[in-house]
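Structure first, then comments.
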Amino acid sequence: MANLPILQFEEKIVETVEKNSVVVIIGETGSGKSTQLSQILHRHGYTKSGVIAITQPRRVAAVSVARRVAQELDVPLGEDVGYAIRFEDRTTSKTRIKYLTDGVLLRESLSNPMLDDYSVIILDEAHERSLNTDILLGLVKRLVRIRASNFKVLITSATLDGEKVSEFFSGCPVLNVPGKLYPVEILYSKERPVSYIESSLKVAIDIHVREPEGDILIFMTGQDDIEKLVSRLEEKVRSLAEGSCMDAIIYPLHGSLPPEMQVRVFSPPPPNCRRFIVSTNIAETSLTVDGVVYVIDSGYVKQRQYNPSSGMFSLDVIQISKVQANQRAGRAGRTRPGKCYRLYPLAVYRDDFLDATIPEIQRTSLAGSVLYLKSLDLPDIDILKFDFLDAPSSESLEDALKQLYFIDAIDENGAITRIGRTMSDLPLEPSLSRTLIEANETGCLSQALTVVAMLSAETTLLPARSKPSEKKRKHDDDSNLPNGSGYGDHIQLLQIFESWDRTNYDPVWCKENGMQVRGMVFVKDVRRQLCQIMQKISKDRLEVRADGRKSSSRDDYRKLRKALCVGNANQIAERMLRHNGYRTLSFQSQLVQVHPSSVLSADNDGMMPNYVVYHELISTTRPFMRNVCAVDMAWVAPIKRKIEKLNVRKLSGGPAPSFKVPEEKTELSKNNAETPAVSENVESRIEAARERFLARKGQK
DNA sequence: GAGCACTGC
């Protein structure tokens, strides 16, 4: 601790903070900014008038940094120094230094918009540009203006972004604190390789044979490439002549590995053995692997993007930014001087790479964030002109308003409704919040809580797809898991949880049925949290069966599907006349299909339900709806009328010229001769189709 | 008939 570079700047930092409300700190890796800034300000009296809050984009970071600071100050964790993350608040009224995730601070600002418990707010790792940190930047800028002079803001950022943040805060001072990294030699390829798997393989084996000891970290884009490279490396290492070089262990590292596989990289290798770690960008920031001396950087990353006009997500392999490239290189210099092999030429780095990664706020659906901002009721703030460091497109903001309007969170003038206010109390995506509120009205809240919790945990629920036996979980005939009773995935998720519930939450049941124990326990936690919030909101005394051992009935399913329809009014699709493709109704109409992993299947006549709601549109090999639920046409009708009446201009508070959603004759019609021209009379046409289908079937 | 990087309330 004594040698941390930041401590040499203590005087300078304190002096600058004293004179300015906002200060940007450029602190490179190893500078100690996350643990020391709070202590420096504490030593100089900034905890006398309030608490120092330090936000982190990740839960583990908030906990581990708080723990370190408590140790350094020699106080018990949770008293003078504490942390707050979802499900876990380890602070008391005594707490002076509080580490928390950016999401928790946003939640706090709902109940205390002035955040006046805090004398100082430090937004750490702001260069990562998480959605929540970006919103906090805007809110904090406003608070600096409103709150008296006893409020200080510090923002930590990366070299390439510092000036920009400073400009955002009217040219506030920028302090540079050097890191404690060893020099890293950067080596560029002459040209982009044809196959970066083969190229990484060659470079890695070269290092292994020629270079002194030290682990090799290789950045790839995803699980598939990682597995390919791992097996190629294993092959190659085996074929090297015995005794010609040291031993090697090869580890894959990515998010869908079970935690016990991930932590293997933290145990030191046996002597005279080199480790190869083939990783996604999880090793860029989230996990730090000690002992790495060589980094191989493919120059690519897989990134999730959102298209606001189609409502569709996609995962694309794209070029990394300069900030990311430098972050990756830095991973080689933590223990001693290292080398970074970039599989691209210098000119590509210099001319093609963006300076910084496109912030999340410009790549995701903003429905939740816009609702959050609306619920703050800031009189001086117009959402569409909210002061963002990097503003999202107006198209993206209008998309958010449109979605919120479809699910009744805002009215036709864009004002937040009573329902919208209630929704913002729930830590969920808007469509899930809306589902819960509707379910509370119609008497299926218990079931809705389960489904919503299951959906929020979905990524941690399913096992990694490497086990072939579990690949077809949903369609295996010998699987004991319920099948959704013909209504689709939401009902199946409900049934799965109820099955587990009946075993009294037996972990063995999870293993036998291919569900991750950790994921299911998370579902239980989320469900409990949501249940507590709904207890406060509920109009009647809530009877939520938390541990009822009884299965839901068909009638329950029906109520639940109806609530899901209201909650997903922004995510409805109508089946095509003669085949089982669907067209989306709430966005620019597009042809989509039910994802093959869905349990929703065709009826005896070979036809899928006429209407479905979906949880997510994702474009992979083709556009798919993931997690679908069959709904009745009668429930869809009023929503369709609302969609037709939509006036986006009015929603965004502008004048109200007529604005018609392109409803028909879209791309879809061009590509597909079977597309119905108008969607009136759908019923009769579907009936006709069914007859034709049956006739064909009869002929065979 | 497909398979998804990483976070968070």
Side-chain angles (χ1 to χ4, degrees), chain A residues 55-62 84-89 100-111 125 128-136 219-227 253-257 262 279-287 298 300-305 313-318 320 324 357 359-360 363-364 368-369 371-372 423-430 432-433 452-453 456-468 470-475 522 525-526 529-530 533 580 593-598 601-602 616 618-626:
Chain A
T55 67
Q56 295 290 326
R58 280 172 293 279
R59 297 161 54 95
V60 275
I85 59 177
R86 188 180 190 179
F87 306 132
E88 206 181 342
D89 183 355
L100 71 178
T101 51
D102 46 17
V104 168
L105 188 59
L106 275 184
R107 286 268 136 211
E108 285 187 2
S109 98
L110 273 179
S111 48
E125 317 288 1
E128 290 190 25
R129 305 295 305 275
S130 77
L131 179 60
N132 289 338
T133 296
D134 265 18
I135 291 173
L136 282 171
F219 284 104
M220 306 293 285
T221 58
Q223 188 176 351
D224 272 0
D225 287 353
I226 288 171
E227 280 166 10
L253 183 59
H254 52 83
S256 41
L257 282 177
Q262 288 185 18
S279 174
T280 59
N281 54 339
I282 195 170
E284 211 175 274
T285 48
S286 307
L287 293 180
S298 63
Y300 292 100
V301 67
K302 202 176 277 183
Q303 209 172 63
R304 192 177 146 102
Q305 338 253 6
F313 290 91
S314 61
L315 269 170
D316 308 316
V317 172
I318 60 157
I320 58 172
Q324 271 178 300
T357 312
E360 191 184 1
R363 292 188 278 115
T364 195
S369 302
L371 178 62
Y372 171 84
M423 285 167 61
S424 62
D425 286 334
L426 290 154
L428 290 168
E429 299 161 44
L432 298 181
S433 308
V452 160
S456 337
E458 221 224 340
T459 47
T460 45
L461 271 181
L462 304 176
R465 68 187 149 90
S466 44
K467 284 186 193 166
E470 280 157 357
K471 272 187 190 170
K472 297 185 194 167
R473 174 179 69 87
K474 292 194 169 182
H475 283 306
F522 180 71
D525 284 342
V526 173
Q529 185 193 21
L530 296 175
I533 299 171
N580 283 332
Q593 288 186 324
V594 173
H595 196 276
S597 67
S598 173
S601 51
E616 182 181 64
I618 176 120
S619 174
T620 50
T621 51
R622 270 181 287 172
F624 289 114
M625 299 179 282
R626 287 190 66 240

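Below, chains carry the letters A, B, ... as their sequence lines are ordered, and counting in each starts from 1.
At a threshold of 4.0 angstrom between heavy atoms, the contacts of V104(A) are confined to the sugar-phosphate backbone, with no base atom among them. L106(A) comes within 4.0 angstrom of no nucleic acid atom, judged by non-hydrogen atoms across all strands. Within 4.0 Å of R58(A), counting heavy atoms only, lie sugar-phosphate atoms of the nucleic acid but no base atom. N132(A) comes within contact range of no nucleotide atom at all, as no heavy-atom separation falls under 4.0 Å. Nucleic acid contact class of T280(A) (heavy atoms, under 4.0 Å, all strands): sugar-phosphate only. Among the heavy atoms of the strands lying under 4.0 Å from L315(A) is at least one base atom, whether or not backbone atoms are also near.
Although no hydrogens or angles enter the test, the distance criterion places a donor-acceptor pair under 3.5 Å between the side chain of E360(A) and the main chain of L131(A). In this structure a side-chain-to-backbone donor-acceptor pair under 3.5 Å is missing from R626(A) to H595(A). Q262(A) contributes a side-chain N or O that, together with a main-chain N or O of G255(A), makes up a donor-acceptor pair within less than 3.5 Å.
The CD atom of E616(A) sits 13 Å away from the C1' atom of dA5(B) (whole-angstrom rounding). The nearest whole Å value for the distance from the CD atom in E128(A) to the C1' atom in dA5(B) is 14 Å. Taking atom CZ of R304(A) as the reference point, atom P of dC6(B) lies 12 Å away to the nearest angstrom. Atom-to-atom, CZ of R626(A) to P of dA2(B) comes out at 14 Å; the value is rounded to the nearest Å. Rounded to an integer number of Å, the gap from I618(A) CD1 to dC4(B) C1' is 7 Å. Between Q303(A) atom CD and dC6(B) atom P the separation is 13 Å, expressed in whole Å. Per the geometry, CG belonging to L432(A) stands 14 Å off C1' belonging to dG8(B), to the nearest Å. Summarising the geometry, the separation between CD1 on I320(A) and P on dC6(B) is reported as 16 Å, rounded to the nearest angstrom.
Closest to the side chain of K302(A), out of dC9(B), dC6(B), dC4(B), is dC4(B). When distances run from any side-chain atom of R59(A) to the nucleotides dA2(B), dG8(B), dT7(B), the shortest one goes to dG8(B). With dC6(B), dG8(B), dA2(B) as the choices, the nucleotide that has an atom nearest any side-chain atom of T101(A) turns out to be dG8(B). Distances from the side chain of Q223(A) to the nucleotides dA5(B), dT7(B), dA2(B) place dA5(B) closest.
Mapped onto DNA chain B by nearest heavy atom, H595(A) and I85(A) fall at different nucleotides, with H595(A) at the one closer to the 5' end.
The shortest side-chain heavy-atom distance between S286(A) and N281(A) does not fall under the 4.5 Å cut-off. Using a 4.5 Å heavy-atom threshold, the side chains of D102(A) and E125(A) count as separate.
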